[in-house]
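A, B, ... follow the sequence lines: proteins, then strands. Residue 1 opens every chain.
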Protein chains: 2
Amino acid sequence: MFIELNLQSDIPIYKQLTDQLVEGIASGILKAGQPLPSVRTLAADLGINLHTVNKAYQLLKQDGFLEIHRKQGVIVQPGNLPPSDQAFLDKLERDLRPLAAEAIARGTSQQELEQIIASLYERIQNPPSQGGASS
Amino acid sequence: MFIELNLQSDIPIYKQLTDQLVEGIASGILKAGQPLPSVRTLAADLGINLHTVNKAYQLLKQDGFLEIHRKQGVIVQPGNLPPSDQAFLDKLERDLRPLAAEAIARGTSQQELEQIIASLYERIQNPPSQGGASS
DNA sequence: TATCTGTTATACTATAAATATAACAAGTAA
DNA sequence: TTACTTGTTATATTTATAGTATAACAGATA
């Protein structure tokens, strides 16, 4: 897997995990229906506990990014990904608000912030290792 | 003060406090050099502990949004506010990244996200109670 | 002399994050 | 059947953060 954890970060491990898995889905590196490592396997690979991986998987399952079956284990959502509905847009705005406020207070222009957004969209949708050979 | 806390929120009280104070500065409702309530007064007004207010003030002092003097107490930064330097832009991008990634995964368009940003900029810089009579 | 300021120290409770073991039930393959 | 892996659940422990509760100190003010 492409997961890279920073165990010294103040960002919880399970959050780093969900973030990178969602970005993997957003970038297309993780494809619909693709199987993910079992909680025990991924935990061993990353050197963390089984329950931390399980927490991340459960959260992504609740949000609709993953499906979990007895038979196939954990797979990337094979059907429709969770939508960009009003509930999500509302939450997005609540999360963005303090970031925008500090940007304004510091004099960051709206264009500057939108440029960062544009850059993120470009790099997430077109990641460095898209067509790379699979090892 | 205009501070409104949600004690049931999963967002820490000190974070709600710093967020709303920064937004107050960004909006111009809090003006340069303006005195803020003492830690004891604000804590009593909000029904929270002295140390929670003090933590918020200290963080904003460290970032350069506030100054604290024995004489004048706590005041809004009377000189230059902290700049939109590369360190801040880097942190801003790190904070925005997981939000952008989920937006992409859900199919939120870049224009849609930028529209939310634009709306936030407009509402923060032009708050409802700007020219309102002070009670 | 009081009083208010920020500041520091100590202690306690509650919660979240992460780990460590263990066990169970469902499915798979020998 | 047996053995193994799967997700899942349960329990317990450790660590760190958040918040509160008191108390006290030093500088400034009236």
Side-chain angles (χ1 to χ4, degrees), chain A residues 1 3-22 30 33-78 95 98, chain B residues 1 3-22 30 33-78 95 98:
Chain A
M1 291 279 292
I3 306 291
E4 286 188 11
L5 298 180
N6 178 1
L7 302 183
Q8 316 309 322
S9 169
D10 58 334
I11 301 173
I13 298 176
Y14 80 91
K15 174 79 159 94
Q16 295 182 46
L17 255 176
T18 56
D19 285 350
Q20 292 184 38
L21 289 172
V22 168
L30 294 180
Q34 176 175 340
L36 292 183
S38 75
V39 290
R40 289 177 178 83
T41 301
L42 185 52
D45 281 2
L46 298 175
I48 62 177
N49 191 272
L50 168 165
H51 294 101
T52 306
V53 175
N54 188 245
K55 180 173 184 174
Y57 278 175
Q58 288 297 326
L59 288 171
L60 293 177
K61 170 189 167 191
Q62 271 196 309
D63 282 346
F65 287 108
L66 301 181
E67 278 190 3
I68 304 180
H69 302 97
R70 284 284 179 187
K71 185 175 179 179
Q72 302 163 286
V74 182
I75 61 174
V76 177
Q77 176 59 250
D95 290 342
Chain B
M1 290 280 292
I3 305 292
E4 287 188 11
L5 297 181
N6 178 1
L7 303 183
Q8 316 309 322
S9 169
D10 59 334
I11 300 173
I13 298 175
Y14 79 91
K15 174 78 158 93
Q16 295 182 46
L17 256 175
T18 56
D19 284 350
Q20 293 184 38
L21 290 172
V22 168
L30 295 180
Q34 177 174 340
L36 292 183
S38 75
V39 290
R40 288 177 178 83
T41 300
L42 185 53
D45 282 1
L46 298 175
I48 61 176
N49 191 272
L50 169 164
H51 294 102
T52 306
V53 175
N54 188 246
K55 181 173 184 173
Y57 278 175
Q58 287 297 326
L59 289 171
L60 293 177
K61 170 188 166 191
Q62 270 196 309
D63 282 346
F65 287 108
L66 301 180
E67 277 191 4
I68 305 180
H69 302 97
R70 284 283 178 189
K71 185 175 180 180
Q72 301 163 284
V74 181
I75 60 174
V76 177
Q77 177 58 251
D95 290 343

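- Contact of R40(A) with dT21(C) (side chain to base): no donor-acceptor pair of N or O atoms is detected under 3.5 Å.
- Within a heavy-atom distance below 4.0 Å of DNA chain C, the residues of residues 9-19 of chain A found are P12(A), I13(A), Y14(A).
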Pairs of donor and acceptor atoms involving the side chains of residues 33-44 of chain A, under 3.5 Å and at least two apart or interchain, shall be tabulated with distances.
| residue | atom | partner | partner atom | Å |
| --- | --- | --- | --- | --- |
| Q34(A) | OE1 | K31(A) | N | 3.0 |
| S38(A) | OG | T41(A) | N | 3.1 |
| S38(A) | OG | T41(A) | OG1 | 2.8 |

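- The outermost nucleotides of DNA chain D lying under 4.0 Å from heavy atoms of chain A, listed 5' to 3', are dT6(D) to dA10(D).
- Side-chain atoms of Q16(B) and N6(B), non-hydrogen and from C-beta on, do get closer than 4.5 Å to each other.
- Here the closest heavy-atom approach between residue I68(A) and residue K61(A) is recorded as CD1-CD, 3.7 Å.
- One atom, CG of L5(A), and another, P of dA18(C), lie 10 Å apart when rounded to the nearest Å.
- For D10(B), there are no side chain to side chain contact (heavy atoms under 4.5 Å, CB included) partners, not counting sequence neighbours.
- Within the structure, the side-chain hydrogen bond (donor to acceptor under 3.5 Å, both in side chains) test picks out the following pairs touching residues 48-58 of chain B (sequence neighbours left out): N49(B)-H51(B).
- Between I48(A) and L17(A), some side-chain heavy-atom pair lies under the 4.5 Å cut-off.
- For the pair L42(A) CG and dA18(C) C1', the computed distance is 15 Å after rounding to whole Å.
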With the criterion being N/O to N/O and under 3.5 Å, what pairs connect the protein with nucleotides 28-30 of chain C, and how long is each?
none

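- Shown here are the side chain to side chain contact (heavy atoms under 4.5 Å, CB included) partners of K15(A), two or more places apart in sequence or in another chain: I11(A), P12(A), T18(A), D19(A), P98(B).
- Partner L66(A) forms a side chain to side chain contact (heavy atoms under 4.5 Å, CB included) with one of V22(A), L60(A), L59(A) and no other, that one being L60(A).
- E67(A) pairs by the side chain to side chain contact (heavy atoms under 4.5 Å, CB included) definition with H69(A), I75(A), Q77(A), P78(A), not counting sequence neighbours.
- For the pair L21(B) and L30(B), the tightest heavy-atom approach, listed with the atom from each and the gap, is O-CD1, 3.7 Å.
- Partners of D95(B) by side-chain hydrogen bond (donor to acceptor under 3.5 Å, both in side chains), not counting sequence neighbours, listed by chain and number: K91(B).
- When base pairs are accepted only as Watson-Crick or G-U wobble with both N-N or N-O distances under 3.5 Å, DNA chain D takes part in stems of 3 or more pairs at C:1-4 with D:27-30, C:6-24 with D:7-25, C:26-30 with D:1-5.
- A heavy-atom distance below 4.0 Å to DNA chain C is reached by these residues of residues 45-58 of chain A, ordered by number: I48(A), N49(A), H51(A), T52(A), K55(A).
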